[in-house]
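As the structure is a prediction and not an experimental result, all values here were calculated from the model. Chain naming here is simple, since letters A, B, ... match the order of the sequence lines and numbering starts at 1 in each.
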There are 2 protein chains.
Amino acid sequence: MATLKEVAKRARVSAGTVSHVLSGNTPVSPALRKRVQDAIAALDYCPDHVARSLKTGRTKTVGIVIPDITNPFFPQIIRGAESVFWGRDYSLLTLNTDDDLERERRALAFLRSRQVDGVLLIIAPNRGDVSHIRRTLEAGVPVVCLDRESEGLEDVDSVSVDDMAAAKECVSHLIAMGHREIAMLTGSLSLNNVRERVKGYKEALREAGIPSSCELIKEGDFRKGTGTRLCHEAFAAKRGRPTALFISNMLMTMGALEALTELGVRCPEDVAVATFDGFALPAFFRPAITAVVQPVYEIGRLGAEMLLQRLDGGTQPPPVHRKLAAELQVRESTLRAFKNTLAPARK
Amino acid sequence: MATLKEVAKRARVSAGTVSHVLSGNTPVSPALRKRVQDAIAALDYCPDHVARSLKTGRTKTVGIVIPDITNPFFPQIIRGAESVFWGRDYSLLTLNTDDDLERERRALAFLRSRQVDGVLLIIAPNRGDVSHIRRTLEAGVPVVCLDRESEGLEDVDSVSVDDMAAAKECVSHLIAMGHREIAMLTGSLSLNNVRERVKGYKEALREAGIPSSCELIKEGDFRKGTGTRLCHEAFAAKRGRPTALFISNMLMTMGALEALTELGVRCPEDVAVATFDGFALPAFFRPAITAVVQPVYEIGRLGAEMLLQRLDGGTQPPPVHRKLAAELQVRESTLRAFKNTLAPARK
DNA sequence: CTGAAAGCGCTAACAT
DNA sequence: ATGTTAGCGCTTTCAG
């Protein structure tokens, strides 16, 4: 592989001059510029990004740390981020944590040794331990939190969805369809956006004058198998079967659907199902599933732009916490009007 | 950020000694080792991977170039590859081409300037133009082709699926269920694995003594919208409606399903549907979809291992072309026995 | 406008 | 076993 020096020699100029025509920051006479460009072409020269990084102290690489690229929710976030970095000569280093705190620690340490300029982070459940994130910050690497927020990270930029409002709207829809026994299958409650969804759920019930019961709230972890288990639990409850399921993501919904089949419970005849998610999937199930659709691509795009601003290093505004709106898409799975036997007498 | 030199100074040893305890390649007395380790801990020192790369000429980074991370087929390949690289201190740089040759060229050029040690590549349709890949190879960067192969790349390692056998098995199943008018919705025919599937399709028909017609083979591009369009075309054909659809991936299948709904054609009552794919998705549709399931994770894992072998630079074996077997999973979408009106008179 | 030169942080001979 | 040193390929003052 040809080096800059070889280009310089062939063009009979100094290394500095080659560098100048490459960067365009310093004027170079047309004659020399031409010679340099010819030499570059002749040698098929390609600047060594590693050497450049060492010299400039910037790698033009950002890490993106996500739970699992295999969950269709996250790739769209990555594409959103990629759309802003691609073309600006940045690379994205993707790392999966499987929502495991230890893996998140390792991922951050890894990115630090790789000298990334910044990090986009979807935090794993962390019972308040954000020391590893603080260490990244202290090393001068800006972080932007995506999709989820965390205690102790109030000074870190974030972009997420207004989960509370979205959950409330969805549950209100369920209530409007006549449901009162609405079971909620959630992700880990140590995730603040999951807690926001629970808040929205409770708020909707409160407004409708329906007492909420913690028996109806089943904590899970966004995995398919857990959806199956929690759904079985919900239907085994002493208080009677729920008439609606409000589930925190599509993977768990897929699991719950399996459980329903096993139980011989039909949707939407016997139970309504609504889910959180950002992917087109819910529309393809039969019945098509009512979903709170999050602007995933936009989360990635906006997060990347916020990070870029921190990287460009002008005057830095105080930390920003952007909240995006989700959209409720009502489909067959909740469209059957339900007359709850437990409902109060109608006037 | 502390540097190795600062560690050396604090431990009152030379830079070389610090490097030695870091790498473990050269023996260091316990006393000094201890001092160095203490200094590392005290300074929260973290080796600068960029400097190391510049010195050693190896970045321990490999690029993975795929069509689209948003297509659920590909993330699993990435995870398979990640499973071998993670823990060996390699990073994976993921780039999307959207199956566009120009983007693939840019991606490869980008990876070259990033000095990656190797590339895992899922090639875009390329009418035989592999010059950009050749250039990567000539720069000394080994490439392993995943999932697809290409003309002119016979000397490049590859791991893919035995598409011909898999397609043949699937179409034979369709034939066994009584179908004779089987439309095939394919990806780009300039992809050799797509052509293999067509071969398998034709072979199955031939064995069953059914004449194949190119009217029934609709070339597409793996996109959802294209699935919709091709499905409409297939049902508008003069020769009459197909009774079965054999589709090359899940995205196109989702599109085709939409078209069927629009056409008022029911599956499996009016038409059978079978798809190629590697994801659990087909099982969740109603009806559940018969699918040729490819070992995606394994494709990524094996490809990564083959690349690693090229990277380790021992004696290099000749190029390897691994073929993995796919598995036919029969589900409701093809399980209704079909009596084709065009079928030959029964005895 | 162009060239010379000093490193960025690290590794790997090579000397001691 | 430990220290010294010469770069890896590039950018960036600073002189001229």
### Query
Is the distance from OP1 or OP2 of dA1(D) to the nearest side-chain N or O of Thr26(B) less than 4.0 Å?
no
### Task
Not counting sequence neighbours, which residues clear ring pair (Phe, Tyr, Trp, His ring centres under 6.0 Å) with Tyr297(A)? List them please.
none
### Message
Taking the axis from the first five pairs and the axis from the last five, what angle separates them in the helix from dC1(C)-dG16(D) to dT16(C)-dA1(D), rounded to 10 degrees?
### Response
40°
#### Entry: Non-neighbouring partners of Arg134(A) that pass side chain to side chain donor-acceptor pair (under 3.5 Å), sequence neighbours left out
Asp155(A)
### Query
Please give, in whole Å, the distance from dG3(D) C1' to Arg33(B) CZ?
17 Å
#### Entry: Residues Glu6(A) and Arg10(A) bridged, charged N to O under 4.0 Å
no
### Task
Quick one: closest heavy-atom pair of Thr3(B) and Tyr45(B), and the distance?
C-CE1, 3.5 Å
#### Entry: Partners passing salt bridge (charged side-chain N to carboxylate O under 4.0 Å, His left out) against Asp89(A) (at least two apart in sequence or in another chain)
none
### Query
Between the side chains of Ser188(A) and Ser190(A), does any donor sit under 3.5 Å from an acceptor?
yes
### Query
Which residue pairs satisfy the salt bridge (charged side-chain N to carboxylate O under 4.0 Å, His left out) criterion with at least one member in residues 60-78 of chain B, sequence neighbours excluded?
Arg79(A)-Asp68(B)
### Message
Looking only at the side chain of Ser29(B) (C-beta and beyond, no hydrogens), which of the listed nucleotides dG3(D), dC1(C), dT2(D) gets closest?
### Response
dT2(D)
What pairs of nitrogen or oxygen atoms, one from the protein and one from nucleotides 9-12 of chain C, lie under 3.5 Å apart?
from	atom 1	to	atom 2	distance (Å)
dG9(C)	N2	Ala51(B)	O	3.4
dC10(C)	OP1	Tyr45(B)	OH	2.4
dC10(C)	OP1	Asp48(B)	N	3.1
dC10(C)	OP2	Leu4(B)	N	2.3
dT11(C)	OP1	Arg52(B)	NE	2.5
dT11(C)	OP1	Arg52(B)	NH2	3.2
dT11(C)	OP2	Ser19(B)	OG	3.1
dT11(C)	O2	Lys55(B)	NZ	3.2

### Query
Is Asp100(A) paired with Arg106(A) through a side-chain N to carboxylate O contact shorter than 4.0 Å?
no
### Rounded distance (Å) that lies between atom C1' of dT11(D) and atom CZ of Arg58(A)
14 Å
